[in-house]
Amino acid sequence: MGKFIISQKTNGDFQFNLKAGNGQIILTSQGYSTKPSCENGIGSVKINAQEDAKFERNTVNDGRCYFNLKAGNGQIIGTSQMYESDNGMENGIESVKNNVPHAPVEDETNL
């Protein structure tokens with residue numbers, strides 16, 4: 001089962017990663033200035049990850065692929081790693097969809 005991990009970056013911002021059951025990071029958030037904002041971002045992922053249309057698929061110049069998960073207002077709430085193929089990216093999207101509904105939240109900030 002996957003899980004959300006809240007951490008604090010060196011600049012003081014909070015961010016979350018969604019990790020699959022194997023520990024691989026499948027979605028990373030932007031930086032948030034407060035922990036409650038970061039927690040709201042996790043809530044937005046849980047709401048939006050079940051709609052395929054909320055996943056924006058992208059390809060970079062070298063042919064690798066990645067995706068962004070967008071909120072209803074169009075704001076990016078999470079970005080994937082780089083994938084070598086479209087198939088790998090689609091598997092990543094399915095992994096997000098499958099892991100999000102029951103993913104617990106672990107707070108590594110000690111705040």
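The model shown is predicted, which means the values in this text are computed figures rather than measured ones.
Using cut-offs of 30° and 60° on the angle between ring planes, the pair Y83 and F67 is parallel. The aromatic rings of F16 and F4 stand perpendicular to each other, their planes meeting at an angle above 60°, with 30° marking the opposite boundary.
Scanning all heavy atoms of the two residues, the minimum distance from A49 to K97 falls at O-CG, 3.2 Å. Across P104 and G2, no two heavy atoms sit closer than the pair CD-O, 3.2 Å. Closest approach of I25 to Q81, counting heavy atoms only: O-OE1, 3.9 Å. Here the closest heavy-atom approach between residue L27 and residue S80 is recorded as CD1-N, 4.2 Å. Taking both residues in full, the closest heavy atoms of L18 and A103 are given as CD1-CB, 4.2 Å, listed atom of the first, atom of the second, then distance. The two residues G72 and N48 come nearest to each other via the heavy atoms N-OD1, 3.7 Å.
The distance from the CG atom of L69 to the CD1 atom of I26 is 11.0 Å, given to the nearest 0.5 Å. Interatomic distance, CD of Q15 versus OG of S37, reported as 14.0 Å (0.5 Å rounding). Interatomic distance, N99 CG to E94 CD, rounded to the nearest 0.5 Å: 11.0 Å. Taken to the nearest 0.5 Å, the CD1 atom of I6 stands 10.0 Å off from the CD atom of E106. Here the CZ-OG distance, from F14 to S33, works out to 9.0 Å after rounding to the nearest 0.5 Å. Of the inter-residue distances, the one linking Y66 atom OH with T79 atom OG1 reads 7.0 Å to the nearest 0.5 angstrom.
Here the side chains of N40 and Y32 are not in contact, with every heavy-atom distance at 4.5 Å or above. For the pair K35 and T109, the minimum side-chain heavy-atom distance is below 4.5 Å.
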>> For a side-chain contact (heavy atoms from CB on, under 4.5 Å) check, start with the C-alpha distance between M82 and M89, then their side-chain angles and the critical distance, and finish with the verdict.
In response: CA-CA 8 Å; M82 287 290 187; M89 178 181 62; over 6 Å; no

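A donor-acceptor pair is defined here as one N or O able to donate and one able to accept, closer than 3.5 Å; no such pair exists between the side chain of N17 and the backbone of K19. Side chain of D13 to backbone of G31: no donor-acceptor contact under 3.5 angstrom is found.
Checking S85 against N87 by side-chain atom types alone, no donor-acceptor pair falls below 3.5 Å.
At a threshold of 4.0 Å, the pair R57-D86 does not count as salt-bridged, since none of the basic side-chain nitrogens sits closer than that to a carboxylate oxygen.
Side-chain heavy atoms closer than 4.5 Å link hydrophobic residues (I, L, V, M, F, W, Y) into clusters, and following such links, even through other members, never connects V45 to I76.
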